[in-house]
Amino acid sequence: MEKYIIHHTDALHGHVRISGAKNAALPILAACLLTEEPCEITNVPPLTDVFHMSELLQEAGCFASYDEKTETLSVCAKEITSDLSESEQAGKMRASFLVAGPLLARCLHTFVPLPGGCRIGTRPIDLHLKGLQALGAKHKTEHGIVELHAKQLKGASIYLDFPSVGATENILLAAVLAKGRTVIENAAAEPEICDLADFLRKMGADISGDGTDTITVQGVSALYGASHSIIPDRMEAGTFMIAAAITGGDIILENVQEEHLKPVIAKLGECNVKTEKTAEGLRVYRKGRLKPLDIKTMPFPGFPTDLQAPFMSLLTLAKGTSVITETIFENRFLHAAELRRMGADIRTDSHCAVIEGVDELTGSKVHATDLRAGAALVLSALAAKGETEIGEIEHIARGYCHLEDKLRALGADIRKEESDE
Ligand code: EPZ
């Protein structure tokens with residue numbers, strides 16, 4: 001186990017290149033199962049979740065090899081097995097269930113372990129199964145393994161009770177090879193859905209409406225190998241924007257897509273953090289004292305739940321009262337207790353957090369409870385007086401690559417050490 005040791009850092013300055021998006025890479029890697037031909041995916045971030053997905057593809061019989069220098073992952077699913085009952089990887093990551101749709105589409109019969117538990121919420125897969133069932137699959141779950149099988153997949157009209165990102169992706173990954181037309185209503189519209197659809201179209205799929213709440217797929221008989229570059233990670237970008245804000249710094253983010261960051265740019269603007277498009281990238285800097293504000297997490301294009309924790313860190317230092325309403329997950333305030341150890345004044349109930357701004361945070365021993373909570377603690381540690389030690393930072397490595405190097409290059413006092421716990 002490792003820990004971060006972080007000391008107070010004034011005003012981050014400089015350039016940071018944002019890596020490829022974890023939440024686009026994972027479904028796109030799963031999509032490689034849909035063809036026997038080789039696929040080459042670039043701008044793939046070296047994250048533990050990406051390596052878990054790559055190992056899961058290998059367990060399914062794929063060739064999968066990652067070149068860290070070029071951040072390219074080459075995948076070929078020529079001969080595959082769709083029985084992943086014995087998989088070591090599947091339980092480690094929720095997104096592993098995204099292989100269910102493509103394996104069902106390719107083999108019409110698959111065994112995939114139920115996704116592992118998660119501290120931010122129960123995260124059921126009922127909408128995934130509802131969609132795959134509508135396409136003609138029968139499913140049963142025994143001993144933690146979901147069995148899916150179908151004589152043939154046929155296009156269908158599917159209404160999602162909630163615009164689930166994963167369910168939209170799994171249904172897309174099956175419908176592309178189903179016979180006939182599929183319409184997904186109340187679909188998720190996140191940029192990562194569009195990136196997956198772009199890759200599937202390069203493979204020969206017929207998809208339209210991605211990025212809206214209604215996606216239409218005309219099934220095709222086969223898909224082919226393709227190359228694709230992953231979109232930038234809007235969550236990493238937002239985290240660095242908040243790092244500039246919380247330290248009173250002025251940084252340039254390279255390789256971002258501004259249209260993916262609209263809610264973050266808007267809310268930062270409301271609390272005196274300016275953003276400016278420049279020839280070198282997106283400039284982010286604080287102008288005056290942080291102002292309190294209210295945030296409600298919503299499906300895209302609303303404010304993203306994955307930046308709720310990092311934004312809470314910022315609001316602990318905004319003079320006045322801020323209210324955060326978390327509408328997506330039922331237990332996504334685990335970071336509040338850790339922030340209180342650093343002097344933050346936060347009261348929470350299941351879906352609502354009330355934050356009273358304080359003049360300063362103080363360094364403390366804290367623990368990352370989950371990926372985005374860990375990022376929030378890093379941000380608070382940069383602003384806190386003195387030294388902060390953050391344990392269980394393996395959670396952070398799931399979604400942020402070279403974090404300490406990128407922060408150090410901006411002037412942060414951060415280092416990684418073996419944890420004695
Ligand atoms: C994706 O998770 C992301 N993960 C999450 O990012 C992100 O927080 C989430 O979307 C919401 O934007 C990846 O893309 C790998 P959902 P996913 O299905 O697909 C309920 C991060 O930090 N639901 O949109 O699992 C569910 O319980 C991670 O990078 C059902 O009820 O999210 C949750 O309350 C965390 N039934 C809500 O929908 C279902 O069948 C949103 O879940 C599916 C979901």
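Residue numbers run from 1 in the order of the sequence given. Just follow the structure's listing: the first ligand is 1, and inside any ligand the first atom is 1.
Distances from atom 30 (C) of ligand 1 to the heavy atoms of G131, P115, P124 show the closest one on P124. By heavy-atom distance, the residue among F162, F97, F329 lying nearest atom 9 (C) of ligand 1 is F329. Taking all heavy atoms of L26, N23, V165 into account, the minimum distance to atom 10 (O) of ligand 1 is reached by V165.
Of all protein heavy atoms, the one lying nearest to atom 11 (C) of ligand 1 is T305 CG2, 3.9 Å. Protein heavy atom at the shortest distance from atom 40 (O) of ligand 1 is L127 N, 2.7 Å. Looking only at heavy atoms of the protein, atom 18 (O) of ligand 1 is closest to S164 OG, 2.7 Å. Counting only heavy atoms of the protein, atom 34 (O) of ligand 1 lies nearest to I328 O, 2.5 Å. Residue, atom and distance of the protein heavy atom nearest to atom 25 (O) of ligand 1 are R123 NH2, 3.0 Å.
In terms of polar-atom proximity, K22 is counted as a contact of ligand 1, with an N or O under 3.5 Å from an N or O of the ligand. At least one N or O atom of D306, backbone or side chain, sits closer than 3.5 Å to an N or O atom of ligand 1. Looking at P163 next to ligand 1, no N or O pair under 3.5 Å apart turns up. In terms of polar-atom proximity, defined here as any N/O pair under 3.5 Å, L371 makes no such contact with ligand 1. Where the criterion is an N or O separation shorter than 3.5 Å, residue side chain and backbone included, R332 meets it with respect to ligand 1.
Atoms of ligand 1 lying under 4.0 Å from any heavy atom of G166, numbered from 1 in the order shown and given with element: 18 (O), 19 (O).
Of the heavy atoms in I125, only backbone atoms (N, CA, C, O) come closer than 4.0 Å to ligand 1. Only the side chain of R372 comes within 4.0 Å of ligand 1, counting heavy atoms alone; its backbone N, CA, C and O stay farther away. Contact annotation for R398 and ligand 1: no heavy atom of the residue comes within less than 4.0 Å of the ligand. Within the 4.0 Å heavy-atom criterion, neither part of A167 lies near ligand 1. Both the backbone and the side chain of D126 come within contact range of ligand 1, each with a heavy atom under 4.0 Å. Contacts between L129 and ligand 1 below 4.0 angstrom, taking non-hydrogen atoms only, are absent altogether.
With 3.5 Å as the limit, one finds no donor-acceptor pair spanning the side chains of K365 and T388. Defined by atom type and a distance below 3.5 Å, a donor-acceptor pair is missing between the side-chain atoms of D83 and T81. Side-chain atoms of S54 and Y66 include no donor-acceptor pair closer than 3.5 Å. When only modelled atom types and interatomic distance are considered, H228 and D195 share a side-chain donor-acceptor pair under 3.5 Å. A donor-acceptor contact closer than 3.5 angstrom links the side chains of E404 and Y4.
For the pair R94 and F97, the NZ or CZ position fails the cation-pi test of under 6.0 Å to the six-membered ring centre and within 45 degrees of the ring normal.
The ring of F111 has its center closer than 6.0 angstrom to the ring center of H109.
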Criterion salt bridge (Lys or Arg N to Asp or Glu O under 4.0 Å) on D405 and K416, from CA distance to verdict: CA-CA 10 Å; D405 299 339; K416 199 189 278 188; over 6 Å; no

Would Q308 and I295 count as a side chain to side chain contact (heavy atoms under 4.5 Å, CB included) here? Give the steps. CA-CA 8 Å; Q308 177 260 107; I295 284 183; 5.7 Å; no

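Counting protein heavy atoms under 4.0 angstrom from atom 20 (C) of ligand 1 gives zero.
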Tell me which donor-acceptor pairs under 3.5 Å the side chains of residues 183-191 have, and how far apart each pair is, sequence neighbours excluded?
{"unit_1": "E185", "atom_1": "OE1", "unit_2": "T214", "atom_2": "OG1", "d": "3.2"}
{"unit_1": "N186", "atom_1": "ND2", "unit_2": "L160", "atom_2": "O", "d": "2.6"}
{"unit_1": "E190", "atom_1": "OE2", "unit_2": "F300", "atom_2": "N", "d": "3.0"}

Please tabulate, for side-chain N and O atoms in residues 241-249, each donor-acceptor pair with protein atoms closer than 3.5 Å (sequence neighbours left out).
{"unit_1": "T247", "atom_1": "OG1", "unit_2": "L12", "atom_2": "N", "d": "3.2"}
{"unit_1": "T247", "atom_1": "OG1", "unit_2": "A243", "atom_2": "O", "d": "2.9"}
{"unit_1": "T247", "atom_1": "OG1", "unit_2": "A244", "atom_2": "O", "d": "3.3"}

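At distances below 3.5 Å, at least one donor-acceptor pair connects side-chain atoms of H351 with backbone N or O atoms of E326. Checking side-chain atoms of T110 against main-chain N and O of S82 turns up a donor-acceptor pair under 3.5 Å.
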